[in-house]
Structures are given as C-alpha cells and as structure tokens.
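One-based numbering, in listed order, for ligands and for the atoms of each.
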Amino acid sequence: MNLTLEYHRSASRYFAGRAVTGAVGGARTAAAVAANLSPLRLVMRPEPRLPDGGWTRVRPILSGICGSDLGLLTGRNSPYLSPVISMPFTPGHEVVGETLDDLPDIPRGSRVVLDPVLGCAPRGVDSCEWCSAGAEAELAEPSLAGVSGRSVGEHSRCNHITTGRVSAGIQTGFCGDTGGGWSQVFVAHASQLHLVPDALDDISAVMVEPLACAIHTVRRTPIADGASVLVVGAGTVGLLTVLALREHTKAGPIYVVARYPHQREKAREMGATEVLSSDRPARALRRSTGAFLAHPERGDEYLLGGTDIAFECTAGGGLDTAVRAVRAGGTVVLSGMPNASVDLTPVWFRELRLIGAYASGGRDFPDALALAQVAPLRSYVDAIYPLGRWREAIGHASAAGRLGTIKVAFDPQKD
Ligand SMILES: [Zn+2]
C-alpha cells in the first residue's frame, strides 16, 4: 500500500477557498490550513499502475513543497488551469527518488530527479510542434535565436497535456493517474527522469527541478552583457534566479528585493550586487540607477529610468513592483504563477515587454544538474517532515520567509 497525500476539491470548494482566503499572505495561508480549509487528505491507496513498459515506479527520497502547491491548497490559483489538471491527484513535483523497475537506460535502484512536465513522450502520443521541434520552434522567435542554444523539444509548451496514456495534467503532481511526490510511490516515464550523479547529495538534488525552472527563466529573454537586472523576491525562485543569472548570463548589477534577513544574506551569497528592502524598493533603486522617482496620488512610487530587466519571483504583489521599476522599453519576466492583479499602465506607457516563464525545457535540466553540484544548495532545505505531519509542513512552508526558511520538503518514507 501507498501512504498518499491526496488533493480533492470540487469547483465549488475551489471558489469557496478562493473567496475565504482572498489575497493571502503567509500567515493567513497557514491559518487557512489550520482552519481545515485544506482539500488535502492523508490516505492509503494502491500504487498507481504503470501505463506501459516505458514507465517505472519511483520511491521519493525527498519531495519539495513549491509555491504553486501552496497556491493550490488555498484556492489562490486561477481557474484557468482547471481543464489541464485531473482530480483527485497527489501533489509533489520537486522530487529526488529511487526507481523500482528496470528501464533500458535506467536500471532499477537508480537515484533520479524528476522533470515533471507530462508532454507528448510520457503520454505516448504523436509529438506536438513543441515536443518534436524545439530548436526550430525557438528560432521562430527571432529575438531569442542563439540565446538559449536549444537542441531538444520545448515540452513545457506541449499542446497535448489532456490526452494520451495518462489523464489531463500539466505535470506529475497535478495528474490523477501518475501519483506524485507527496506519497510513498508514484510512476514516471523514462523521458521524465534524469540520473543523479553520486557526488550530488539528496538535498541539493531536490533543488534541481526549481533550479531548472530558474535557468529556463533567465533564458526567456536576451540579457545583454552588463545589463542591469532587478529580481523581486528572494524565496527559492528569486535566489535560484540570481544563481542562474550569474552562471548563465553576463548581467551587470543584480538588485534583489528581499523581505527577510536570511534572504538578504543568501541573495548576496548567490551574487546579488545590492539587496533592497521590500519597503519602497523603487526609492532604493532610484539611488542605485539614477532614475527619476515619480509619486502617483495613489499606489506605489515608480521610476522613470530603472533597470533593463526585472524578474518577478514572488507569485504575488511583486509584479506591480517589477513593472514600476524597469526602464522604458525594458522587459519583465514572470516566473512563478501570477496570483495578484496588477495595474498594467506602465506596460503600456513605458512600452514594456511582459514575458512568461513556465517550467523548463531543452537543456535546462542537464544544466541544472551540473550547476547543483557546484552551487551552495545544501543549506536550502531547512525542514524535512514525514507525510503524517503534513499540516505542520504546509504551515511551515506557507510562513517560510518569516520563519527563516527557504525550502520545506517531505521525506515520504519516514514515519
Ligand atoms: Zn507535446
């Protein structure tokens, strides 16, 4: 049998959760979980079936709790995603685990990390334009040609995520048939698995999936040598974005908006030039960039001038900060799921480019595996819980910044 955290929510509960929690912050998220609003249940289930011989069972060693998981648990995520997930499902898409079945290039007992995207290959369907022809597809966006050096498919853009051998689901952890990392066993297709080198410890390995997403994010827009960059947010996504910027671009100054002391320290360690307080970041950035600070009669200050590029890494109010802090003609990249409404006037008035960054593709996973071996990631998972203490784990993850934590994870094999 398979101890499993299962997510159930009908559409009506979904919207009830959204109305009750509204635009929640960490403390209110934790309160919502404590008030038993959470649609999670700890249950015993049979192991998920193997869809065909190209799949293996995986026993998770560590499974991270991601911001998108927390958004889901409190009903903050947009209903936009409802047709491309299937319920009930087991969350958990940041996974290092051990395989339980033999595959051609992955013998049973291999330590692996999971690329959770459920594109055409795992689904066993004819490849869509993104899964089959990533290199050509990427070249169709001339501004990006040569930036990313992609050689394999961009499966994160897959068009077939509702068809094939497994039920609808953008990723493992949002699909009713595969199981997910918050259980003792789930199933994964060979194409989703990457072997973990012996030198990489489990804690660094569980950071590989978010790191692959961060590398993907910085590859979504050309970054000129010496370009000034703002990273809004210094949780897992923001910190790994700084790391990816330093490793994969020749960005100039990197300014990071951080709320908590441990985040400021880690942002500097990752290569931030200057760490800005989350209280009036535009004012702090004016001093560093020589921009003009404008004061609207309502709402936050903004810059005329500012940085060349901004990365929104808060999945919340950070987008408003980002669009108010980049120069005219600059670029704002959305990493993480946007959950807040925003005044788009600056996008129009300053002629900004607004770019999405979802999951990872191409070489991002292999590059993340290589970078994880040399980056100081061992200190990034500060709390590990058994599945049975899931309420505590979710509460801790929801208040991670305030509690001095970066990443909370489950050890699903621990009692
Ligand atoms: Zn596809």
Side-chain angles (χ1 to χ4, degrees), residues 48-56 58 66 68 77-78 80-87 89-95 103-106 112-142 144-145 147-181 186-194 208-210 212-217 219-220 334-337 355-369:
R49 72 180 174 88
L50 292 169
D52 66 30
W55 292 65
T56 173
V58 177
C66 165
S68 64
N77 291 346
S78 165
Y80 176 93
L81 292 173
S82 57
V84 292
I85 60 181
S86 50
M87 297 204 209
F89 62 82
T90 299
H93 59 274
E94 299 177 353
V95 183
L103 290 169
D105 297 316
I106 306 174
V112 291
V113 287
L114 173 74
D115 179 347
V117 172
L118 287 169
C120 290
R123 292 179 175 283
V125 296
D126 288 342
S127 285
C128 71
E129 59 179 315
W130 297 107
C131 290
S132 61
E136 288 82 349
E138 197 65 28
L139 288 172
E141 290 185 51
L144 296 181
V147 171
S148 53
R150 301 298 164 79
S151 55
V152 287
E154 290 297 304
H155 57 285
S156 60
R157 295 185 178 183
C158 180
N159 291 334
H160 291 162
I161 48 177
T162 59
T163 62
R165 289 198 188 102
V166 294
S167 52
I170 54 175
Q171 301 185 356
T172 305
F174 301 91
C175 170
D177 285 346
T178 58
F186 67 98
V187 295
H189 188 257
S191 66
Q192 294 182 278
L193 300 175
H194 296 261
V208 166
E209 193 276 342
C213 297
I215 292 172
H216 182 69
T217 297
R219 287 172 164 164
R220 287 287 298 127
L334 288 168
S335 36
M337 215 180 277
I355 290 182
Y358 163 67
S360 67
R363 289 165 33 240
D364 303 326
F365 240 89
D367 288 348
L369 267 166

Item to check | Distance-only donor-acceptor check, side chains S167 and S86, under 3.5 Å | outcome: yes
Next on the checklist: Please verify the inter-ring angle class for H194 with F365; under 30° counts as parallel, over 60° as perpendicular, anything in between as tilted.
Outcome noted: parallel
Checklist outcome for this item: The salt bridge (Lys or Arg N to Asp or Glu O under 4.0 Å) partners of E209 (sequence neighbours excluded) come to none
Checklist entry - Which residues satisfy the salt bridge (Lys or Arg N to Asp or Glu O under 4.0 Å) test with D177, sequence neighbours excluded? => result none
Checklist entry - With a cut-off of 2.8 Å, how many protein N, O or S atoms neighbour the Zn ion (ligand 1)? => result 4
Item to check | T162: partners by side chain to side chain contact (heavy atoms under 4.5 Å, CB included), with sequence neighbours left out | outcome: V84, A168
Next on the checklist: Taking side chain to side chain contact (heavy atoms under 4.5 Å, CB included) as the criterion, tell me which of V95, L114, T90 meets it with T172.
Outcome noted: L114
